[in-house]
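Have a look at the structure below before the remarks.
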Number of protein chains: 2
Amino acid sequence: MHSQEELLDFIKNGHKQYLPHVSIDPVIFGYSDQKLKILLLKWKGLEGWGLPGGYIKREEPISQAANRILEERTGLKNVFLQQFYTFGDSHYRTHEQSLKEITQEQGEDILKGSWLFERTLSISYFSLVDHSKVNVTTDFFTYDYHWFGIDEIPELLFEQNEVVDKALTTLRLQLYHQPIGSNLLPEKFTLPEIHSLYETILDKKLDQRNFLRKMMTLGIIKKLDEQRSIGAHRSPFLYQFEKENYEEALKQGIIHAN
Amino acid sequence: MHSQEELLDFIKNGHKQYLPHVSIDPVIFGYSDQKLKILLLKWKGLEGWGLPGGYIKREEPISQAANRILEERTGLKNVFLQQFYTFGDSHYRTHEQSLKEITQEQGEDILKGSWLFERTLSISYFSLVDHSKVNVTTDFFTYDYHWFGIDEIPELLFEQNEVVDKALTTLRLQLYHQPIGSNLLPEKFTLPEIHSLYETILDKKLDQRNFLRKMMTLGIIKKLDEQRSIGAHRSPFLYQFEKENYEEALKQGIIHAN
DNA sequence: TTATCAATCCGTCAAATTAACGGAATAAAA
DNA sequence: TTTTATTCCGTTAATTTGACGGATTGATAA
C-alpha cells in the first residue's frame, strides 16, 4: 500500500504539502444489520484504536480535505459529511510513539523535529455511510480496521472517546433536520427501512404511524406510487428523500416560536 | 499600547510562541438600548472592519485561548463563550496587506516569510457580553473599534460576514438551551428585562405570558420573592437563572421524542 | 383453490403543548 | 384621590404529540 520510502518522505517533508498542527478526523458511522457502528483503525506501535484522520493540503479548502480523507479511507464520494467541533483542549495528539515503532529500523534520526510530533488540533466531522459499500484502506500509521458497535467502543487513543460521544450526540440532534439517512438507504426505500434506521440511530422505539406522520409533516420524505416486491409478504410502498426540505426544517423547526 | 518593537518581534518570532495557521475569532455580541450589536475592529492598512482575533499559544488549550483573547480585547472574564464552527474553505486569510502598511518605515525585509502571511483557519466562537462593561483594547493590527447593530454590519474583511451570520443563527438556535443571557443581565433581573432581551435577540415579538410560562417550564429561570423598586410604577418581581437546568433542557428538549 | 402467515398500511382519540387574547393591580406623581 | 405607566396573571382555542389495534396484502403451504 504505502512504501517505507513514502512514509519517510511524509515524515520529513509532509509539512511542505500539508498544514501542520491541524488534522481532520471523521467519525464514520456505518449501518448494517440494524446496528449503528463506527469505523476505527488500529495504530501501529501504540496498538490501540483511533479514528481515521488526515491532514489538510496547504491550498485545500477544509471541506474538500474532509471529503478527500473520507474517500481515501473508505472509497466513498459525495456522502453526507458534516463538521461538528474542533477539539484542542486536552487533546495534545502527536504521532511520536507510533512513529518510533514504525521507523525503528531506520534509526531515529529522521524523526528529529518532525512536524508530526507537534501538537495537533482536531477538526472533527461525522459521516453516515453504507457499511457494505465501504472499502477500507489503512494509512501510514495504521494496519487494521474494525467496525465497532456504538455500545462497544473501546477506550481510544488521543482521548478520542470525547470526539465520538459528541459526534453521536450531534447526529441524534440533527437527525430530523439534515439529510442524514440519504447515504444509508437506496435511492428509493420503504417505510420500514427508514423507520428501522431511525430507531437504530436513536436507540429508541418509534411508533410507526407517528413516525410516518412526522416525516411527512417535516417534508423529509415523499411517498411514490411504486411498490417494491419483497419476498413473501405485502408489497411496501417506496419513498424518496426530499433533500431540499431538510435545512428548511432546521430553521423553522428548532427556533421555538413565540 | 503596543510598541513597534513588540510588533516586529511578533511578526518575526510569534510562531515560536503561537501555533501558526490557526486563529480564534470570537463574534462578540453586546446588548444595549434594546439592541443587539457586535464588536468589530478597524484594520490598519486595509481600512476595513473585521472580527477581533488572536492566536493560540503552543501549549494552551483552545478554550483557554478563546477566553484569553476575549479578555484581551474586552477586559471580560468568565463570560459565556462557545465554539460554533471552524472556517477554512474560501477563507485564506493572511495579514499581508495589513502588515505592509504597518511596517512601511522598516522596509519590507522583516516580512519575508513571516508566519502571519500563511493561510489561517479560523476557529470561531461567539459570546454575549454586557456592552457597558466592555473596555475595548485594539491589537497590533487594528486601531479603532465600533459596535455595529446586527442589521448594519458592513462588508467585512476576510470573508467574515459568513462567520457573523453563522454565529447569529447559532445564537438564536441555542437561546433556550444555553445560559446565554446570564452575562447580559444582572444577577437578579425582572421579567420585562429578560423578555425584552429575548425579543431583541430573536428579532421577534414574544407574548409575555407565554414567554414566562416557557421559561418556567424549561426551568431556565426561577422567581424570587423579592421585588425591585423601579421609578414610578408597579414593582416587578425579580428572577434568577437556574444554570444547571440549561443543558438538561438541551438534551431533553431537542431530540424530538417518538 | 383456499387457508395461513408475515409483513405493511392506516385512522382515531386523549393528552400535552402552543398561540392568542385583555383586564385587574400596583407605585408613584400630579 | 386621580392619573399614568407599568407589571401581573388566567382562560380558551388550535395544534401537535403520543398511544393504540384492526384491516389489507402477497406469497407460500395445505
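Labels below follow one simple rule: chain letters A, B, ... track the order of the sequence lines, proteins then strands, and each chain is numbered from 1.
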Interatomic distance where [atom1] belongs to [X] and [atom2] belongs to [N] [whole Å]:
X	N	atom1	atom2	answer
A:Arg228	D:dT25	CZ	C1'	17 Å
B:Glu193	D:dT7	CD	C1'	13 Å
A:Asp207	C:dC10	CG	C1'	11 Å
A:Lys205	D:dT17	NZ	P	21 Å
A:Met215	D:dT17	CE	P	14 Å
B:Gln227	C:dA27	CD	P	6 Å
B:His195	D:dT7	NE2	C1'	12 Å
A:Asn210	C:dG11	CG	P	13 Å

N/O donor-acceptor pair, side chain A:Arg209 with base D:dC20, under 3.5 angstrom: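 Looking at the base of D:dC20, it does pair with a donor or acceptor on the side chain of A:Arg209 (distance under 3.5 Å).
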With distance as the sole criterion, do the side chain of A:Arg213 and the base of D:dG18 form a donor-acceptor contact below 3.5 Å? yes
SB check A:Glu199 A:Lys205 (cutoff 4.0 Å): yes
Are the ring centres of A:Tyr85 and A:Phe87 closer than 6.0 Å? yes
Flag, side chain of [X] to backbone of [Y], donor-acceptor distance under 3.5 Å:
X	Y	value
A:Gln227	A:Ser235	yes
B:Glu152	B:Gly149	yes
B:Asn67	B:Ser63	yes
B:Arg228	B:Lys188	yes

Filtered N/O pairs between nucleotides 4-7 of chain C and protein, under 3.5 Å:
unit_1 : atom_1 : unit_2   : atom_2 : d
C:dA6  : O4'    : A:His233 : ND1    : 3.4
C:dA6  : O3'    : A:His233 : NE2    : 3.4
C:dA6  : N3     : A:His233 : ND1    : 3.2

On the nucleotide C:dA28, are OP1 or OP2 found under 4.0 Å from the side-chain N or O atoms that B:Ser229 carries? yes
Does a side-chain N or O from A:Lys223 land closer than 4.0 Å to OP1 or OP2 of C:dT8, or not? no
Indicate, with a heavy-atom threshold strictly under 4.0 Å, whether B:Leu212 touches base, sugar-phosphate, or nothing.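 Nothing: the residue B:Leu212, judged by heavy atoms under 4.0 Å, touches no strand.
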From C:dC21, C:dC9, D:dC8, pick the nucleotide closest to the side chain of B:Gln208? D:dC8
Which residue lies more 5' along DNA chain D, comparing B:Thr190 with A:Thr217 via nearest heavy atoms: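 The residue closer to the strand's 5' end, by nearest nucleotide, is B:Thr190.
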B:Arg68: what forms a salt bridge (Lys or Arg N to Asp or Glu O under 4.0 Å) with it, not counting sequence neighbours? B:Glu60, B:Glu72
